[in-house]
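Keep in mind that what you see is a predicted model, and the values were worked out from it rather than measured. Values below: every heavy atom of this structure, side chains too, minus hydrogens, waters and symmetry copies. Position 1 is the first residue of the sequence; numbering continues from there.
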Amino acid sequence: MDDHVALVLAEHVRKYPPVLVELPDITAGTPDPGKQTKRRAVPLLFTDEQGKPIHDQRWSDLWRGWRKAAGWPERKARFTLCGTTSRLG
């Protein structure tokens, strides 16, 4: 790992320690329909302002702001089921 990246990450962890959150535990596979999903506490390094996990919609909201702050152009993409991306604009 690049030394600069390691230093920046170490500083982030110092300022914002990992937060324990309870998430579904699917390490043994997807639970049977109708059965209660087991949950476990896991430390998350990156969370939102409330210390909650960053889900896909929240990530999109955050990314939009970061991209704009960096002056990057907005690009729209369409994702297909096979995992490839094509530009829409």
Side-chain angles (χ1 to χ4, degrees):
M1 181 185 304
D2 181 292
D3 287 341
H4 177 71
V5 172
L7 290 172
V8 170
L9 186 57
E11 178 64 13
H12 176 86
V13 171
R14 187 186 68 72
K15 288 171 81 174
Y16 310 100
V19 175
L20 274 181
V21 297
E22 196 172 279
L23 295 175
D25 182 356
I26 58 170
T27 56
T30 306
D32 293 329
K35 284 193 175 179
Q36 185 71 18
T37 303
K38 292 181 183 178
R39 299 180 71 78
R40 67 177 170 150
V42 295
L44 291 184
L45 184 56
F46 300 105
T47 58
D48 69 9
E49 296 84 8
Q50 290 86 37
K52 295 179 181 176
I54 299 175
H55 54 77
D56 56 350
Q57 182 59 48
R58 182 68 178 126
W59 176 263
S60 295
D61 294 341
L62 292 169
W63 177 254
R64 195 173 298 113
W66 298 330
R67 188 192 64 237
K68 186 175 181 180
W72 294 347
E74 182 176 349
R75 293 190 180 148
K76 297 178 181 157
R78 181 187 75 221
F79 298 92
T80 64
L81 293 177
C82 64
T84 59
T85 305
S86 62
R87 276 193 186 168
L88 295 178

*Measure the acute angle between the ring planes of Trp59 and Trp66, then classify it against the limits of 30° and 60° as parallel, tilted or perpendicular.*
perpendicular

*Can you tell me how far the CG atom of Leu23 sits from the OG1 atom of Thr37, to the nearest 0.5 Å?*
12.0 Å

*Does the Arg39 side chain pair with the main chain of Glu22, one donor and one acceptor, at a distance under 3.5 Å?*
yes

_Gap separating the CZ atom of Phe46 from the OH atom of Tyr16, nearest 0.5 angstrom_ = 11.5 Å

_Please report the interatomic distance CD(Glu11) to CG(Leu9), rounded to the nearest 0.5 Å._
10.5 Å

*Find out whether Leu45 and His12 are in side-chain contact, i.e. whether some heavy atom of one side chain is under 4.5 Å from a heavy atom of the other.*
yes

*asked:* Tell me if the CD atom of Gln36 is crowded by more than 12 foreign heavy atoms within 6.0 Å.
replied: no

*asked:* Between Val42 and Leu20, does the side chain to side chain contact (heavy atoms under 4.5 Å, CB included) criterion hold? Intermediate values first, please.
replied: CA-CA 5 Å; Val42 295; Leu20 274 181; 5.7 Å; no

*Atom CZ in Arg64, atom CD in Glu74: separation rounded to 0.5 Å?*
7.5 Å

*asked:* Less than 4.0 angstrom from a charged side-chain N to a carboxylate O is my criterion; do Arg40 and Asp25 meet it?
replied: yes

_Ser60: side chain to side chain donor-acceptor pair (under 3.5 Å) partners, not counting sequence neighbours_ = none

*So how far is it from Leu44 CG to Ile54 CD1, rounded to the nearest 0.5 Å?*
8.5 Å

*Mind checking side chain to side chain donor-acceptor pair (under 3.5 Å) for Gln50 and listing every partner two or more places apart, or none if nothing turns up?*
none

*Partner set under side chain to side chain donor-acceptor pair (under 3.5 Å) for Gln57, not counting sequence neighbours*: Asp61

